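One structure is given below, encoded as structure tokens.
All values reported here derive from a predicted model rather than from experimental measurement. Numbering of residues begins at 1 and proceeds along the displayed sequence. Atoms within each ligand, like the ligands themselves, are counted from 1 in listed order.
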Amino acid sequence: MGYKTKEWRNSMRVTLDYNNMTDKFLGAQGFTAKKLSSYQSKAAAAWNYVKENRGKDELYMGWTELPYNQNEIVADILETAKTVRKKFQYFVVLGIGGSALGPIMAFNALCHLHYNDLPKIKRKGPKFYVEDNVDPVRMRDLLDVIEPAKTCFNVVSKSGATSETMTQYLIILDLLKKAGVDVKENVIFTTDANKGNLKKISDECGGIKSYVLPDGVGGRFSQLCPVGLLPAAVLGIDIKGLLAGAAYMDHICRQPSMRKNPALMSAVLQIAAMEEGKNVGVMMPYSDNLKFLADWYCQLWAESLGKNETLDGKPCNVGQTPVKSLGVTDQHSQVQLYTEGPFDKVVTFLSLKKYACEMPIPHGCENIPDVAFLGGHTMEELIQAENAATAYALTKAGRMNYTLWIPELNAFTLGQLLFLFELQTAYAGAMLNINTFNQPGVEEGKKATFALLGKSGYAEKKKELDSLPAKDSNCII
Ligand code: PA5
């Protein structure tokens, strides 16, 4: 594999602990060994499906090969990142959905939590923003803190037809023109190789530096291609480490037995739980750095599995609602519900064995035992104790939960987590017998937006919208 030593890689292995899903810990609410074994053949079929179809662009499974087939692209990205870091004071990603959540997640996971507020000398790159909305206030406020002429804009869109991204682009294009800046100097595209509007725009401008969002890679599976790698490299993140981590997890998950394959086992646990009415999947990292990994996961899980038709055309309405929750913050907001509310949830903890720093808690308030006991411990001990205590409280209340243990947070372990979740999603989709990689439910909203804004070709859709009954004023109170 060539990334650090084998001992180091093994010491960084992300592991799955699903004890708290079993009857041994949950009593009647938990899965018996027999129950889990009953999923063996379904799991084997899902594993085979992924094995047989990996790399197939026509099935949108090109993402499985990203850890292996990007040497030249990575070298090019690293060169570009070096230039961007030298030349620009700001780096802005224009994109939405899969094009935005990955870059935000990696930024938050592996950079200083107040990165943009650090003095330049302490940052490894330009100030960093991801504009993943079309809220006018957000755009105004972004423009208040950047200088377009000193900004590199990375426009990320596979289709180049996404209204949000293209609106952001039109605004930036206008500003660059007004500032007398050649678009080619300040813009990088990440888009489809051959088709799509960004390709056309680039050709018209005489060639804008462009990275390819490969054919077989959908937005939510794109963090490990240039969509995520370019912004990460600009931030000084070790992108080779990300890919090596993904390859390491892929290697572990090449094992067909669900008892040895953490992605397959977590897919089985979730599917078995869904079949028992656990329609909510809570992703709860005990790390501020992983807060946006939960966001990224929510899109992956929701958009991939929320489907109304099986692959053989039967109606189904499947999926599980993912919810993000941050430990310990949300112990003081949501855990009451998780512990005593309906038995409809599975909680996944993302737990760090070691945090990037220790923060000793000084002695003090010696006359107040309620406070004094904290002195002499560290914040790391406290957050880990609270994580263990929450898992204990949930388990005691018969609530399903399991933990992904992360030795420490770095590019290699983050790469493992990304690939584990992608594989878990692909296995779960195969078990549900659905198309994991499309999003027809999102398309309808896109079309209605086009119709409302008068895009040509959408007159029929506009008529359909206009034919809705008039609102009943009695229902507006
Ligand atoms: O996961 C997905 O496929 C979506 O979230 C897309 O990434 C999002 O809709 C943006 O699409 P595009 O890359 O075509 O602009």
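Closest protein heavy atom to atom 13 (O) of ligand 1: Lys158 N, 2.8 Å. Protein heavy atom at the shortest distance from atom 12 (P) of ligand 1 is Thr162 OG1, 3.2 Å. For atom 7 (O) of ligand 1, the nearest non-hydrogen atom of the protein is Gly98 N, 3.2 Å. The nearest protein atom to atom 9 (O) of ligand 1, hydrogens excluded, is given as Lys446 NZ, 3.5 Å; this is a heavy-atom distance. Ranking the protein heavy atoms by distance from atom 14 (O) of ligand 1 puts Ser159 OG, 2.7 Å first. If you check which protein heavy atom lies closest to atom 5 (O) of ligand 1, you get Gln299 NE2, 2.7 Å.
Although no hydrogens or angles enter the test, the distance criterion places a donor-acceptor pair under 3.5 Å between the side chain of Ser266 and the main chain of Ala263. Proximity of a side-chain donor or acceptor of Arg9 to a complementary backbone N or O of Tyr3 within less than 3.5 Å is detected. Remark: the backbone N or O of Glu147 is not paired with any side-chain donor or acceptor of Gln89 at under 3.5 angstrom.
Between atom 4 (C) of ligand 1 and the options Glu443, Glu303, Met166, Arg220, the minimum heavy-atom separation is to Glu303.
Remark: ligand 1 atoms within the under-4.0 Å shell around heavy atoms of Ile96 are 7 (O), 8 (C), 10 (C). Taking a cut-off of under 4.0 Å to the non-hydrogen atoms of Gly97, the atoms of ligand 1 that pass are 5 (O). Residue Gly219 approaches ligand 1 through these ligand atoms, each under 4.0 Å from one of its heavy atoms: 1 (O), 2 (C), 3 (O), 7 (O). Of all atoms in ligand 1, numbered sequentially from 1 with element shown, those under 4.0 Å from a heavy atom of Ser99 are 7 (O), 13 (O).
Note on ring orientation: taking the six-membered ring where Trp is involved, the planes of Tyr115 and Phe107 are perpendicular (angle over 60°, cut-offs 30° and 60°). Taking the six-membered ring for Trp and thresholds of 30 and 60 degrees, Trp296 and Phe421 have ring planes inclined between 30 and 60 degrees apart.
Taking the charged nitrogens against the carboxylate oxygens, Arg254 and Asp250 do have a contact shorter than 4.0 Å, which makes a salt bridge.
When non-hydrogen atoms are compared, ligand 1 lies under 4.0 Å from neither the backbone nor the side chain of Glu164.
To the nearest 0.5 Å, atom CZ of residue Arg54 and atom CH2 of residue Trp63 are 7.5 Å apart. Once rounded to the nearest 0.5 Å, the distance linking OG1 of Thr151 with CG of Leu142 reads 8.0 Å.
Side-chain contact between Gln331 and Tyr286: present, with at least one pair of heavy atoms (C-beta onward) separated by less than 4.5 Å.
Of the polar atoms of Thr165, none of the N or O atoms is found under 3.5 Å from an N or O of ligand 1, judged by distance alone.
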